[in-house]
Amino acid sequence: MNRTFSIISATLLTFFIFSCEKELSINEAGNLVPKTVEQDSSIPSIKVNSTQLHAETFGSPTDPMLVILHGGPGSDYRYLLNCKAFADQGYYVVFYDQRGSGLSKRHTKNTYSIQIMLDDLSGVIAHYKTSVTQKVFLLGHSWGAMLATAYINAYPKAINGAILAEPGGFIWQDVLDYVGRSRSFRFTSETLNDATYLDQFITGKQDEQAILDYKFSLMASADESAESSLGNDGPLSFWRSGAVIQEALFEVGNKEKPDWTNNLKSYTTLVLFIYSERNKSYGLTYAQKISSAYPNVQLEKINGAGHDMLSFPTGWNNFYPIALNYLNTL
Amino acid sequence: MKIITKLIIFSVFITTNLSYAQTLNWANLQKEQRHIASLAIGLDYSLTLSVGYGYQLKTNFPIVVGAEYAMPSGKNLGDDFKTKVGGQVRWFRVGDFRFSTKVQGIFRRYENNYVRLNNFGADFSGVIGYYKPKWFLAGEVGFDKAIVTHFKHTEAMKENFAAKDGWYNPATGGNFYYGLQSGFSWRSHDLILKAGKIITQDFRTTPLLPFYAQIGYNLKIK
């Protein structure tokens, strides 16, 4: 009896001692996710279109502008920083985290729309453009390539060329099909378990964006899984995911079923369209189908890489000369 | 962590030894059947396999206490799991209708490439149903609360952001659930089926796997 009492007492004492550390708030930026430009003035930012975007530039402001558009929606530009290399080759490279993503300002869910994303891009270009004759190129990866196409479809005369890396699709049904293929996991897989099992540990309301962003970041590990069809090399670098904008834009897509191809025939400039060797959800046939919306396409396969082809050495080394040569010819 | 929270957790988890997730046919459970072993497979935020043990107390109205261990599927078996310690009480019966409640203390773990989460939580639910010796049909409503969670991040996460390790509160999560449970009983055996829907505590969103389902077997031993 005395022994039992001693064990219980020791357990109780240990429990109370170890639980005396100061508890942290799950929804406070800086704990589980970094602060945004709104909360930390030391982060480089610009104010355009009634929002505040985390943004940086590299190269001479008078050089042709190359705007980098990250994927997601809800990722950030950290995984695309290899693209800084274009600055050494005479390009003014502009990075920004899209509204509601990365370290940029968060907004309420009902304010997000495709048009506001296009307006933000117009605002970024106008903010950094130093002359009316300065050329503007877009480089978009995944969702960023979809955004670039939506922009070109809306404002074809504003863009002097584009590099598109594995956009999900330009018509909503294509997007749904691609997302379905690329996010398909075995029901008993570790990847699917990691995504679904988390829901009993962390839940957040729609205004608790720090919680939701953190949770979304944890689920990003699905893309780097060996069970994923994307063929990625490993985990992509990120600052902070944007959970609400991701959900919001997907809902907008489901509701509006956008078609960003109806004006592309008027865009006769050569477009560089790239796809990766290892992304089993993409491949040549799908790349040909999606890129055919443009009348003038240079289609290239990036060997030795998956969907994250711009972020790891093999993919980047195979991509960079092709991209640089394309830009230099325009 | 506040003392009151500690006391609640510890009370739920250790002292009160309340509920247990075994689904029971109260009309078939005999007083002398003290031990109940169970095995179940189902969907509970993942494809899970669970084993459990229950003990029926010698009381005027049925009380079953016990423990359960549930493990989800996946390549890394054992990195995620859920344990429950608790009990359920059948409070009253009117004819063949019976009402019971359960309270469970939960300890569960989640691990992926970025973080390991250790959570203390609690699950409260009520079940009302029509029970016959050979079958039953009941409805259940419950709430699963992740009360306090310890976060321990991996180097992979810290390369992206130095997320702070430690205990986090207020409660990091909570989900309501509701559904039906049914079963067939013969001699000392129960075959149990249950299924239902899960909704997060803000009543506006649902988990990625927004439903639960389970098929289970109970063996009752004197």
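The structure presented is a predicted model; accordingly, all values stated were derived computationally and were not measured. All chains are named by letter (A, B, ...) in the order of the sequence lines, taking the proteins before the strands, and each is independently numbered beginning at 1.
To the nearest 0.5 Å, atoms NZ (B:Lys164) and CG (A:Asn31) are separated by 4.5 Å. A:Lys109 NZ to B:Arg204 CZ: the interatomic distance, rounded to the nearest 0.5 Å, is 8.0 Å. Here the straight-line distance linking atom CZ of A:Arg240 with atom CZ of B:Phe161 works out to 9.0 Å at 0.5 Å rounding. Separation of atoms CG (A:Asp199) and OG1 (B:Thr206) is listed at 8.5 Å; rounding is to 0.5 Å. In this structure, the separation between CE on B:Met157 and CG on A:Leu218 is 5.0 Å, given to the nearest 0.5 Å.
Counting non-hydrogen atoms of neighbouring residues, nucleotides and ligands closer than 6.0 angstrom, the CZ atom of B:Phe184 reaches no more than 12 such neighbours. In the displayed structure, B:Glu155 atom CD is contacted under 6.0 Å by at most 12 heavy atoms of other residues, nucleotides or ligands. Under a cut-off of 6.0 angstrom, the local environment of NZ in B:Lys197 is crowded, with over 12 non-hydrogen atoms contributed by other residues, nucleotides or ligands.
Only the side chain of B:Gln201 comes within contact range of chain A, with at least one heavy atom under 4.5 Å from a heavy atom of that chain. For B:Phe81, the part sitting under 4.5 Å from any heavy atom of chain A is the backbone (N, CA, C, O) and nothing else. Contact of B:Asp44 with chain A is made through the backbone alone, with heavy-atom distances under 4.5 Å.
Using a 3.5 Å distance cut-off with no hydrogens or angles, the side chains of B:Lys82 and A:Gln200 do pair a donor with an acceptor.
Closest non-hydrogen pair, B:Thr149 versus A:Phe201, comes out as OG1-O, 4.4 Å. Scanning all heavy atoms of the two residues, the minimum distance from A:Tyr197 to B:Ala70 falls at OH-O, 4.3 Å.
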- Message: Does B:Tyr110 form a side chain to side chain contact (heavy atoms under 4.5 Å, CB included) with A:Asp194? I'd like the steps, not just the answer.
- Response: CA-CA 8 Å; B:Tyr110 170 88; A:Asp194 280 350; 3.7 Å; yes

- Please report the C-alpha distance between A:Leu198 and B:Leu117 in whole Å, then the side-chain angles of each, then the deciding distance to 0.1 Å, and finally whether the side chain to side chain contact (heavy atoms under 4.5 Å, CB included) criterion is met. CA-CA 9 Å; A:Leu198 182 60; B:Leu117 306 177; 3.7 Å; yes

Could you give me the CA-CA distance, side-chain angles and deciding distance for A:Met219 and B:Asn112, then say whether side chain to side chain contact (heavy atoms under 4.5 Å, CB included) is met?
CA-CA 9 Å; A:Met219 290 195 284; B:Asn112 76 354; over 6 Å; no

Note to self: Is there a side chain to side chain contact (heavy atoms under 4.5 Å, CB included) between B:Phe151 and A:Ile202? Walk through the geometry before answering.
What the structure shows: CA-CA 11 Å; B:Phe151 290 63; A:Ile202 303 172; 4.0 Å; yes

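The candidate with the highest count of non-hydrogen atom pairs below 4.5 Å against chain A, out of B:Asp80, B:Asp202, B:Ile198, is B:Asp80.
Counting only distance, with no hydrogens or angles, the side chain of A:Arg78 and the backbone of B:Asn160 share a donor-acceptor pair below 3.5 Å. A donor-acceptor pair under 3.5 Å is absent between the side-chain atoms of A:Thr196 and the main chain of B:Leu209, judged by distance alone.
Relative ring orientation between B:Tyr114 and A:Phe238 is described as perpendicular, the plane-to-plane angle rising above 60° on a 0-90° scale split at 30° and 60°.
The interface of residues 206-214 of chain A with chain B, defined by heavy-atom distances below 4.5 Å, comprises A:Gln206, A:Tyr214.
Residues satisfying the salt bridge (charged side-chain N to carboxylate O under 4.0 Å, His left out) test with B:Lys158, not counting sequence neighbours, are B:Asp165.
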